[in-house]
Structure formats: structure tokens, C-alpha cells
Amino acid sequence: MVSSDEERSLLAIVAALDFREIRMHGRTARRTVRSFGVDYDFESFQLTEAEPMPPALQQARRRCADLAGVAETSLAEALVTRYPPGSVMGWHRDAPVFGPTVVGLSLGSACLMRFRRGTAEKRRVYEVELVPRSAYVLSGAARSSWQHSIPPVPQLRYSVTFRQLRRAAGWQWITWARTPYPGRPAACRLTVAASSPSRHPGPAVRLTSGVRSTCRRVLPAHGAVHEAGPT
């Protein structure tokens, strides 16, 4: 999604931001955040106006909007998140105040993103790797029906998440672009379909070349990680 030079510039900008802590249900998360455009309070669930996005984030938003096939201005919030080593993002779906399309840009280091749906014996958990300089899109069933989480990150990582405010439904795909070789722009796009369990056991990955595979299934032995840490 972005080149290695662009990533270095973005990292310099986001690393200098003044981040705030996240408190939910009386607990403080290890990851910290900074919002632009609008700000969402994790305890009151209220939106307030925030300062405008800096030019570098506006440029990133433009590319992410193109990837998602939505209007650039519809991505009203830019949420910059700092993940120190060992921090997590717990299981959740993005708050209903936000719209049907969520786009994320990964910076600094790789992490896993996990998806789950169903309960008890019918629960299925899958995971995909989010590599540095890649971007993903959550919409449709992936946005509304599947929960997602990030298990403990091994190294310092930043993400920039662009979100719409609530409006009509959009796609039904998770999409992300990735840069396969250092210093080169994105050369391929992956699409993860959040299909119903009756059609597919879990998210199905399709390369634009037509190659199809599935996200890696997370075995029950990983169950302890599924519930790790505050959101």
C-alpha cells in the first residue's frame, strides 16, 4: 500500500504524536491511541469532533479509500494506534456508531489478525498476517458478523484505521493490499470473503490472479490467546 520510504515518513510522524490511554470496563489497555477527524470515547461511547487529519494521513486516507472503493471524505476518522510489544486488541466488532467500511494500514512490524464467528462447538477462528505497509478493508459480514482481534504483538507496531460514520451498507468483503518486496509499491491485492458458515468454514482468501486458498485455522490449543488482555 505504501513504499518503504513512505512508511519511514509516516512512522516518524505517528511516533511523535501525543497518544492517550484506552480505558474500558475499568481497565487500561497497553495500546494507546490518537484520533483525528472525530474522536470516540471507549467508556461513554460518544463521538466528539477532533482536530483535522495532518496532510500525510490525508494522503494515506486517499489510497485507502481507493482500495475500499469508497469516497475519500466518507472516511471521517483516522485512529492511530500504538502497539508496544506484548500488547493486544481483544475480540470485538467496531462500534455501531461507525459505518459499514473500516480500512486499516499497518506500519512498523507484522502482526496476526484473527476472526471468529459462532459459539461453543460451532465457533470457528481463523487468522491472517498483516504485514508492514499493507492495508485491509472490513465491510459487509466481515464488519457486522465476524469479530476480530490481534494477539500479543512481538514488536512495536503502529496502525492507522480509517472509519466511516454510520450510513447505508457497503461491500461484503475484507480486502487488503500488500507489498511483497521491500521498496516496491503494492503489486497484488488479496480479498478475504466473510461468507456464511453454510457456504465456507471461514474467511476464504482469493488473489486477484485467481488463486484461492483459506485463512489458517486456529486450533483449539490456541484458545487461551483468543481471550487475551483488555481490548
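Excluded from the calculations below are hydrogen atoms, water molecules and symmetry mates; all remaining heavy atoms, backbone and side chain alike, are included.
Residues Pro154 and Ala110 share a closest heavy-atom pair of CD-O, 4.1 Å. Nearest heavy-atom pair, Gly86 versus Pro152, reported as atom, atom and distance to 0.1 Å: O-CB, 3.8 Å. Of all heavy-atom pairs spanning Ser35 and Ala50, the tightest one is O-CB, 3.9 Å. Here the shortest heavy-atom pairing between Ser87 and Arg31 reads CB-N, 4.1 Å. Here the shortest heavy-atom pairing between Val103 and Val137 reads CG1-CG2, 3.9 Å. Across Leu105 and Ser134, no two heavy atoms sit closer than the pair CD1-O, 3.4 Å.
Not a single donor-acceptor pair under 3.5 Å links the side chain of Arg30 to the backbone N or O of Val88. Judged purely by atom type and a 3.5 angstrom limit, Ser144 uses its side chain to pair as donor or acceptor with the backbone of Gly140.
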Legend entry - Pair Val38-Leu47, side-chain contact (heavy atoms from CB on, under 4.5 Å): steps then yes or no: CA-CA 6 Å; Val38 296; Leu47 284 175; 4.2 Å; yes
Inset, instruction - Applying side-chain contact (heavy atoms from CB on, under 4.5 Å), run through Met113 and Tyr136 and close with a yes or a no. - result: CA-CA 10 Å; Met113 178 172 277; Tyr136 64 87; 3.6 Å; yes
Inset, instruction - Start with the C-alpha gap between Val160 and Leu107, add the side-chain angles, then the distance that decides, and say whether side-chain contact (heavy atoms from CB on, under 4.5 Å) holds. - result: CA-CA 8 Å; Val160 184; Leu107 302 170; 4.2 Å; yes
Inset, instruction - Would you please test Val70 and Leu75 for side-chain contact (heavy atoms from CB on, under 4.5 Å) and show each step? - result: CA-CA 8 Å; Val70 300; Leu75 299 176; 4.2 Å; yes
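The OG atom of Ser159 sits 7.5 Å away from the CE atom of Met89 when rounded to the nearest 0.5 Å. Note that CH2 of Trp146 is 6.0 Å distant from CZ of Arg117, once rounded to the nearest 0.5 Å. To the nearest 0.5 Å, atoms CD (Gln164) and OG1 (Thr101) are separated by 4.0 Å. One finds the NE2 atom of His92 at 9.0 Å from the CD atom of Gln147 (value rounded to the nearest 0.5 Å). Here the straight-line distance linking atom CD of Glu77 with atom CG of Leu165 works out to 8.0 Å at 0.5 Å rounding. Atom CE in Met1 sits 13.0 Å away from atom CD in Glu7 (nearest 0.5 Å).
Using bins of under 30°, 30° to 60° and over 60° for the plane-to-plane angle, the ring pair Phe115/His148 lands in the tilted bin.
Inter-residue side-chain proximity for Pro52 and Phe36 is flagged as unmet; no heavy-atom pair is nearer than 4.5 Å. With contacts defined as side-chain heavy-atom distances shorter than 4.5 Å, the pair Leu156/Arg82 qualifies. Counting heavy atoms from C-beta outward, Val102 and Phe162 have side chains that stay 4.5 Å or more apart. Side-chain contact between Tyr83 and Ile150: present, with at least one pair of heavy atoms (C-beta onward) separated by less than 4.5 Å. Within the 4.5 Å cutoff, the side chain of Trp91 has heavy atoms near those of the Arg116 side chain.
For Arg157 and Ser106, the side-chain atoms include at least one donor-acceptor pair closer than 3.5 Å.
Both tests hold for Arg163 against Phe98: distance to the six-membered ring centre under 6.0 Å, angle to the ring axis within 45°.
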Show me the donor-acceptor pairs within less than 3.5 Å that the side chains of residues 10-24 make with the rest of the protein, sequence neighbours left out.
unit_1, atom_1, unit_2, atom_2, d
Arg20, NH2, Asp39, OD1, 2.7
Arg20, NH2, Tyr40, O, 3.1
Arg23, NH1, Thr28, OG1, 2.5
Arg23, NH2, Gly26, O, 3.1

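By the 4.0 Å N-to-carboxylate-O rule, Arg63 lies close enough to Glu6 to be salt-bridged with it.
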